[in-house]
Amino acid sequence: MATRNVHKTREMENLLGRSFEVRDLSGRPDWPDIIEDGQTFAENARLKAVAISDKCDDLVLADDSGLE
């Protein structure tokens, strides 16, 4: 997960079940925080997913639901 929000990580673990190992950025303090300057939630999620996928070979999932 392209997030350091443990609540989002836990939520995704619950949604995906045991079929996936879900890891977030909390174990990677050396990886950058992504500037979310897109115009939509989808654009911001894409910015995060692409930036983190450039740093690893795993599948990357991101969302941007803000305070919604």
Side-chain angles (χ1 to χ4, degrees):
M1 291 280 308
T3 186
R4 287 188 170 83
N5 182 325
V6 296
H7 300 290
K8 280 188 181 182
T9 304
R10 214 171 298 130
E11 181 180 19
M12 197 54 59
E13 286 173 329
N14 290 334
L15 289 170
L16 294 174
R18 296 175 189 233
S19 299
F20 293 89
E21 176 187 357
V22 179
R23 292 176 283 146
D24 61 24
L25 299 178
S26 60
R28 301 306 311 235
D30 53 321
W31 286 8
D33 288 326
I34 308 306
I35 297 172
E36 299 176 38
D37 57 0
Q39 297 297 309
T40 65
F41 289 156
E43 287 177 12
N44 283 334
R46 187 176 298 113
L47 287 168
K48 292 187 280 188
V50 169
I52 298 305
S53 68
D54 286 344
K55 297 208 155 280
C56 68
D57 293 326
D58 296 322
L59 296 173
V60 177
L61 178 66
D63 84 315
D64 182 40
S65 56
L67 298 175
E68 299 289 321

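All of these numbers come straight from a predicted model, not from anything done at the bench.
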Donor-acceptor pairs under 3.5 angstrom involving side-chain atoms of residues 32-40: please list them, not counting sequence neighbours.
unit_1: D33; atom_1: OD1; unit_2: R4; atom_2: NH1; d: 2.7
unit_1: T40; atom_1: OG1; unit_2: A42; atom_2: N; d: 3.4
unit_1: T40; atom_1: OG1; unit_2: E43; atom_2: N; d: 3.0

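The hydrophobic cluster containing L61 also includes M1, M12, L15, L16, F20, V22, under a criterion of side-chain heavy atoms closer than 4.5 Å among ILVMFWY residues, counted directly or through chains of members.
In this structure, D57 has no side chain to side chain donor-acceptor pair (under 3.5 Å) partners at least two apart in sequence or on a different chain. Considering only residues two or more places apart in sequence or on other chains, D58 meets the salt bridge (Lys or Arg N to Asp or Glu O under 4.0 Å) condition with R23. Remark: D30 pairs with R28 by the salt bridge (Lys or Arg N to Asp or Glu O under 4.0 Å) rule, at least two apart or across chains. Take D24 and apply the salt bridge (Lys or Arg N to Asp or Glu O under 4.0 Å) test, not counting sequence neighbours, and it matches no residue.
When all heavy atoms of V60 and A2 are compared, the pair lying nearest together is CG1-CB, 4.0 Å. The minimum heavy-atom distance linking F41 with S65 is given by the pair CZ-O, 3.9 Å.
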